[in-house]
Chemist: 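Quick one: the structure is below, questions incoming.
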Amino acid sequence: MSPNFKLQCHFILILLTALRGESRYLETIHFPLQVQEAAVYDPLLLFSANLKRDLAEEQPYRRALRCLDMLSLPGQFTFTADRPQLHCAAFFIGEPEEFITIHYDLVSIDCQGGDFLKVFDGWILKGEKFPSSQDHPLPTMKRYTDFCESGLTRRSIRSSQNVAMVFFRVHEPGNGFTITIKTDPNLFPCNVISQTPSGRFTLVVPYQHQNCSFSIIYPVAIKISDLTLGHLHGLQLKKPAAGCGGTGDFVELLGGTGLDPSKMMPLADLCYPFLGPAQMKISCDNAVVRMVSSGKHINRVTFEYRQLEPFELETSTGNSIPEYCLSSL
C-alpha cells in the first residue's frame with residue numbers, strides 16, 4: 001500500500017469518525033462550526049500525487065464542493081445546498097513551499113437569515129489551531145475573514161502558510177457559492193503541515209523574530225541531519241530543570257494527539273553540540289519540529305521523517321518517547 005493512499009485513508013477516517021463523535025481531532029463547537037454531516041469521499045481526491053499529474057494539463061480543475069471536504073488541488077469549487085446545510089467545513093492544503101489563495105467567484109447566501117461563509121488562516125481541529133497562536137503572525141480573531149462582514153470588497157484571501165479552511169452555513173436549497181483555489185510560491189515557508197508521512201525538509205528562518213512549526217500528522221522517526229542556530233549546534237534531551245529556552249534560538253521536537261503545537265509535549269531541545277546526526281522516534285499521533293528564533297541569526301534545520309511501522313510502535317525503546325503519547329490515547 002502506497003504512503004499516499006495510507007495518508008488518504010488516515011484523513012478519511014479522521015473526518016468520518018468525527019461524525020460519530022469519536023475523533024480526537026474534530027469536536028463540537030469551539031468556533032462556529034460543528035461537523036455533523038458527511039458525503040461519500042473519493043480517496044483519489046485527497047492528497048493524490050498521481051491525480052495532480054493527470055490534471056496538470058487540464059486546469060482549472062472543477063468539481064462540486066461537499067459539506068465536509070478536504071482538497072489538495074488548485075481549481076474551482078462550487079457548493080450548492082440541496083437542503084439546509086448548517087455545519088460545513090472545507091480544508092485546503094498545499095505543498096510546504098506554497099501559500100493558498102481563496103477567491104470568491106460567486107456568493108449567494110442569506111447573511112440576514114443566519115447563513116455564513118468564513119475563511120480561517122490555518123486549520124482548526126478539535127478546537128485546536130494550526131499554526132498555534134504563538135506561531136502565527138496575526139491574532140486569532142484577525143485570522144478569520146467573514147464574508148457577511150466584508151462582502152466582495154475582499155474577494156481574495158491568502159493564507160500565511162500551506163493550509164487554510166472555509167466553514168459555512170447555508171439554509172436555503174439552491175443557495176451556495178463558488179470559489180477558486182490558487183497557490184503561490186513561499187520562499188521561506190514557516191508553518192507547514194506535511195501532506196505525506198515521509199519526506200525531507202529544510203526549515204530556514206533568516207533574521208526574523210518568529211516561531212515556525214513543521215507538523216506531521218503521523219507517528220514518525222525524525223532524523224536531524226543539519227542544524228545551524230547562530231553559533232550554536234546540538235541536541236539535548238529535555239530535562240526537568242534544563243532546556244534551551246534561555247538561548248533565544250533553538251529547535252524543539254514536540255509530540256501530542258492534537259494539532260496545536262503549543263499544547264504538545266516538549267520531547268527534545270536542539271541547541272548544544274553533538275557529533276553526527278540525531279534521530280528520535282515519536283510515537284504520537286502528531287509530531288512537530290519547531291524552531292524558535294530571536295531574529296539575530298540565520299537559523300536552519302534539515303531533517304528527514306518517515307512513518308513508524310506498526311511493529312515499531314509496539315516495540316519502541318531506546319531513544320524514543322512513547323510513554324506520553326501512548327498513555328494519552
Chemist: Ignoring hydrogens and geometry, is there a side-chain-to-backbone donor-acceptor pair from His136 to Leu138 under 3.5 Å?
Modeler: yes
Chemist: Looking at Trp123 and Leu259, would you say the former's side chain and the latter's main chain have a donor-acceptor pair under 3.5 Å?
Modeler: no
Chemist: Any heavy-atom pair between the side chains of Thr101 and Ser159 that's under 4.5 Å?
Modeler: no
Chemist: Does Gly258 offer a backbone N or O that forms a donor-acceptor pair with the side chain of Asn286 under 3.5 Å?
Modeler: yes
Chemist: Under the side chain to side chain contact (heavy atoms under 4.5 Å, CB included) test against Gln161, which residue among Val192, Asn191, Ile93 passes?
Modeler: Asn191
Chemist: Could you tell me whether Arg154 and Asp146 make a salt bridge, using a distance below 4.0 angstrom between a side-chain N and a carboxylate O?
Modeler: no
Chemist: I'd like to know if Asp135 and Arg290 make a salt bridge, using a cut-off of under 4.0 Å between side-chain N and carboxylate O.
Modeler: yes
Chemist: Give the table of side-chain donor-acceptor pairs shorter than 3.5 Å for residues 73-82, with sequence neighbours excluded, one pair per line with atom names and distance.
Modeler:
from: Gln76; atom 1: OE1; to: Arg62; atom 2: NE; distance (Å): 3.1
from: Gln76; atom 1: NE2; to: Asp105; atom 2: OD2; distance (Å): 3.2
from: Thr78; atom 1: OG1; to: Thr178; atom 2: OG1; distance (Å): 2.9

Chemist: Just so I know, are the side chains of Cys88 and Phe167 near enough to count as touching, which here means a heavy-atom distance under 4.5 Å?
Modeler: no
Chemist: Is the ring centre of Phe116 less than 6.0 Å from the ring centre of Phe147?
Modeler: no
Chemist: Looking at Arg300 and Asp226, is there a salt bridge between them, counting it only when a charged N and a carboxylate O are closer than 4.0 Å?
Modeler: yes
Chemist: Which label fits Phe214 and Phe303: parallel for a plane angle under 30°, tilted from 30 to 60°, or perpendicular past 60°?
Modeler: perpendicular
Chemist: List the atom of Glu128, the atom of Asp260, and the distance in Å for their closest heavy-atom pair.
Modeler: OE1-N, 2.9 Å
Chemist: Donor-acceptor pair, Glu98 side chain versus Thr183 backbone, under 3.5 Å?
Modeler: no
Chemist: Check whether the side chains of Ser194 and Tyr305 place a donor and an acceptor atom closer than 3.5 Å, and report yes or no.
Modeler: yes
Chemist: Are there more than 12 heavy atoms of other residues, nucleotides or ligands under 6.0 Å from atom NE2 of His103?
Modeler: yes
Chemist: Can a donor-acceptor pair be found, under 3.5 Å and without considering hydrogens, that links the side chain of Gln208 to the backbone of Val205?
Modeler: no
Chemist: When you measure from the side chain of Asp115 to the backbone of Asp110, do you find a donor-acceptor pair of N or O atoms at a distance under 3.5 Å?
Modeler: yes
